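For this chain, numbers begin at 1 and follow the sequence in order. Below, all heavy atoms of this structure are taken into account, side chains as well, without hydrogens, waters or symmetry copies. Every value quoted in this text rests on a predicted model; they were computed, and no experiment measured them.
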Amino acid sequence: MLSLLWFLLPLLSLLLLLCLRPYFPAKEYLSYKKIDEETYVVGDEETPKGLGREPMPRHVAVIMDGNRRWAKQAGLLTSQGHEAGAKRLMEFVELCFTLGIDTVSDFAFSTENWGREKIEVDCLMSMFQQYLKSKIQYFQSEEIRVSVIGNLAKIPESLLGTIMETEEATKSYKKKHFIVAIDYSGRFDILHACKSIVKKSEQGLIREEDVDETLFERELQTKCTEFPSPDLLIRTSGEQRISNFFLWQLAYTELFF
């Protein structure tokens with residue numbers, strides 16, 4: 001574990017730099033690209049010094065927290081904070097794939113988030129739909145497979161249709177996988193897996209001696225990816241908790257806040 005941590009430290013600092021830097025409009029961002037020789041941002045042509053490809057994590061997960069607080073501090077609307085966060089997320093995803101990371105997962109909307117004000121929830125649902133719709137051609141051109149996991153029982157039909165369209169359009173891609181968790185709960189994921197195993201057992205499809213970690217992981221929603229357990233989880237905003245995200249999958253993950 002210690003050797004893995006030393007391998008990951010350079011990557012941690014680089015990715016956090018991208019995550020935590022405030023959002024700038026396009027012109028300002030381009031002029032801000034190079035801060036010093038050790039700064040790496042989207043657009044740099046060379047891989048950062050000392051960052052090897054072989055020890056790169058296979059799966060990086062991110063909880064992009066603090067959009068509302070950032071918007072409030074900047075004198076902006078909550079919706080503008082979420083929009084800025086979505087733009088930073090796409091830059092983060094692009095950087096991860098540029099660095100050779102296979103899978104990127106984002107905790108976009110937790111089951112607990114349904115308790116927020118209706119106007120904010122509606123705004124988020126609309127933004128998810130618009131972003132997925134507008135990025136389908138990009139995902140295809142970059143050969144990025146997109147999977148959306150979560151309960152999805154409460155989301156609008158229009159968004160559900162866009163999710164199905166995006167997943168169908170990108171399902172054949174293998175090398176890059178972007179997972180978006182909407183209406184996701186780690187507890188629900190585990191309970192759903194348990195119920196599925198019980199049901200299969202009652203049907204005679206599974207015996208008690210068949211149940212192990214490998215079988216259980218095949219019942220979790222992250223079964224959609226070849227690398228269900230993140231090597232690295234990054235959470236922005238300073239909060240030091242995982243907030244019901246990937247409770248099973250994060251058992252051996254490096255956590256960076």
Check your understanding: Checking salt bridge (Lys or Arg N to Asp or Glu O under 4.0 Å) for the pair K199/E202: CA distance, chi angles, key distance, verdict?
Key -> CA-CA 5 Å; K199 185 176 181 179; E202 292 173 345; over 6 Å; no
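- Legend: ring-ring contact (aromatic ring centres under 6.0 Å, His included) pairs involving residues 151-175, not counting sequence neighbours: none detected.
- Of the possible polar contacts, none joining the D183 side chain to the S110 backbone as a donor-acceptor pair under 3.5 Å is found.
- Using a 4.5 Å heavy-atom threshold, the side chains of R68 and R116 count as touching.
- At least one cation-pi condition fails for K135 and F139: the charged atom is not both under 6.0 angstrom from the six-membered ring centre and inside a 45 degree cone around its axis.
- With hydrogens and angles left out, the side-chain atoms of T222 and Q249 include a donor and acceptor closer than 3.5 Å.
- Of all non-hydrogen atoms in F97 and K176, the two that sit nearest each other are CE2-CB, 3.7 Å.
- The same ILVMFWY cluster, assembled from side-chain heavy atoms under 4.5 Å apart, contains both I163 and M125.
- Y131 and L89 end up in the same hydrophobic cluster when Ile, Leu, Val, Met, Phe, Trp and Tyr side chains are linked at under 4.5 Å.
- Residue pairs satisfying the ring-ring contact (aromatic ring centres under 6.0 Å, His included) criterion with at least one member in residues 199-239, sequence neighbours excluded, are listed as follows: F216-W248.
- Residues T103 and E226 bring no donor and acceptor atom of their side chains to less than 3.5 Å of each other.
- With hydrophobic clusters built from ILVMFWY side chains whose heavy atoms lie under 4.5 angstrom apart, W114 shares a cluster with M127.
- For the atom pair NE2 of H82 and CZ of F109, the computed distance is 9.0 Å after rounding to the nearest 0.5 Å.
- Side chain of S126 to main chain of D122: no donor-acceptor pair is present (N/O by atom type, distance under 3.5 Å, no hydrogens or angles).
- Taking each heavy atom of H177 and C224 in turn, the nearest pair found is CE1-O, 3.2 Å.
- Side-chain contact between P228 and L220: absent, with no pair of heavy atoms (C-beta onward) separated by less than 4.5 Å.
- Note that CD1 of I155 and CD of Q129 are 9.5 Å apart. Values are rounded to the nearest 0.5 Å.
- In terms of heavy atoms, I242 sits closest to F107 at O-CE2, 4.4 Å.
- In terms of modelled atom types and a separation under 3.5 Å, the side chain of N244 and the main chain of S185 share no donor-acceptor contact.
- The heavy-atom pair separating A108 from F128 by the smallest distance is O-CZ, 3.8 Å.
- In this structure a side-chain-to-backbone donor-acceptor pair under 3.5 Å is present from T170 to T166.
- Looking at R235, its side chain does come within 3.5 Å of a backbone N or O of R241 through a donor-acceptor pair.
- With a 6.0 Å radius and a threshold of 12 heavy atoms from other residues, nucleotides or ligands, L205 has its CG atom above the threshold.
- Taking OG of S237 as the start and CD1 of I63 as the end, the distance is 9.0 Å to the nearest 0.5 Å.
- The shortest distance between side-chain heavy atoms of I190 and L247 falls below 4.5 Å.
- Between N151 atom CG and H192 atom NE2 the span is 8.5 Å, to the nearest 0.5 Å.
- Nearest heavy atoms, S105 versus F246: OG-CE1, 3.5 Å.
- When the shell of 6.0 Å around CD of E208 is examined, it contains 12 or fewer heavy atoms from other residues, nucleotides or ligands.
- I206 and V198 sit in two unconnected hydrophobic clusters of ILVMFWY residues. Membership requires side-chain heavy atoms under 4.5 Å apart, directly or through other members.
- Contact of the E239 side chain with the F257 side chain is not registered, since no non-hydrogen atoms from C-beta on lie closer than 4.5 Å.
- The distance from the SG atom of C123 to the CD atom of E83 is 6.0 Å, given to the nearest 0.5 Å.
- Using modelled atom types, one side-chain atom of Q80 and one backbone atom of L77 make a donor-acceptor pair closer than 3.5 Å.
- Under the 4.5 Å side-chain heavy-atom criterion for Ile, Leu, Val, Met, Phe, Trp and Tyr, I101 and Y138 are members of the same hydrophobic cluster.
- There is no side-chain donor-acceptor pair under 3.5 Å between T78 and E120.
- The line from CZ of R69 to OG1 of T236 is 8.5 Å long, rounded to the nearest 0.5 Å.
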| query | Could you walk me through whether F92 and V62 pass the side-chain contact (heavy atoms from CB on, under 4.5 Å) check? | reply | CA-CA 9 Å; F92 176 86; V62 60; 3.9 Å; yes
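- A pairwise comparison of heavy atoms in V121 and N113 identifies CG2-O, 3.7 Å as the closest pair.
- At most 12 heavy atoms of other shown residues, nucleotides or ligands fall within 6.0 angstrom of atom CZ in R187.
- Side-chain contact of H59 with T225: a donor-acceptor pair under 3.5 Å is absent, judged by distance alone.
- K174 and E143 are not joined by a salt bridge, as no carboxylate oxygen comes within less than 4.0 angstrom of a charged side-chain nitrogen.
- Ring geometry, F245 versus Y184: the interplanar angle exceeds 60°, so the pair is classed perpendicular (tilted spans 30 to 60°).
- Remark: Q203 CD is packed, more than 12 non-hydrogen atoms of other residues, nucleotides or ligands lying under 6.0 Å away.
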Q. When you look at D102 and R58, which way does the salt bridge (Lys or Arg N to Asp or Glu O under 4.0 Å) test go after all the steps?
A. CA-CA 5 Å; D102 299 276; R58 293 296 185 90; 3.7 Å; yes
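- Put simply, the side chain of T162 never gets that close to the backbone of K133: no donor and acceptor are under 3.5 Å apart.
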R145 and F178: CA distance, side-chain angles, deciding distance, side-chain contact (heavy atoms from CB on, under 4.5 Å) verdict: CA-CA 6 Å; R145 181 186 173 193; F178 180 35; over 6 Å; no
Given the rule in the side-chain contact (heavy atoms from CB on, under 4.5 Å) test, do L233 and L250 qualify, once you have shown the distances and angles that lead to the verdict? CA-CA 8 Å; L233 169 71; L250 294 177; 3.9 Å; yes
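- Side-chain N or O atoms of E167 include one that pairs as donor or acceptor with a backbone N or O of V148 at under 3.5 Å.
- S201 contributes no side-chain N or O that, together with a main-chain N or O of I197, makes up a donor-acceptor pair within less than 3.5 Å.
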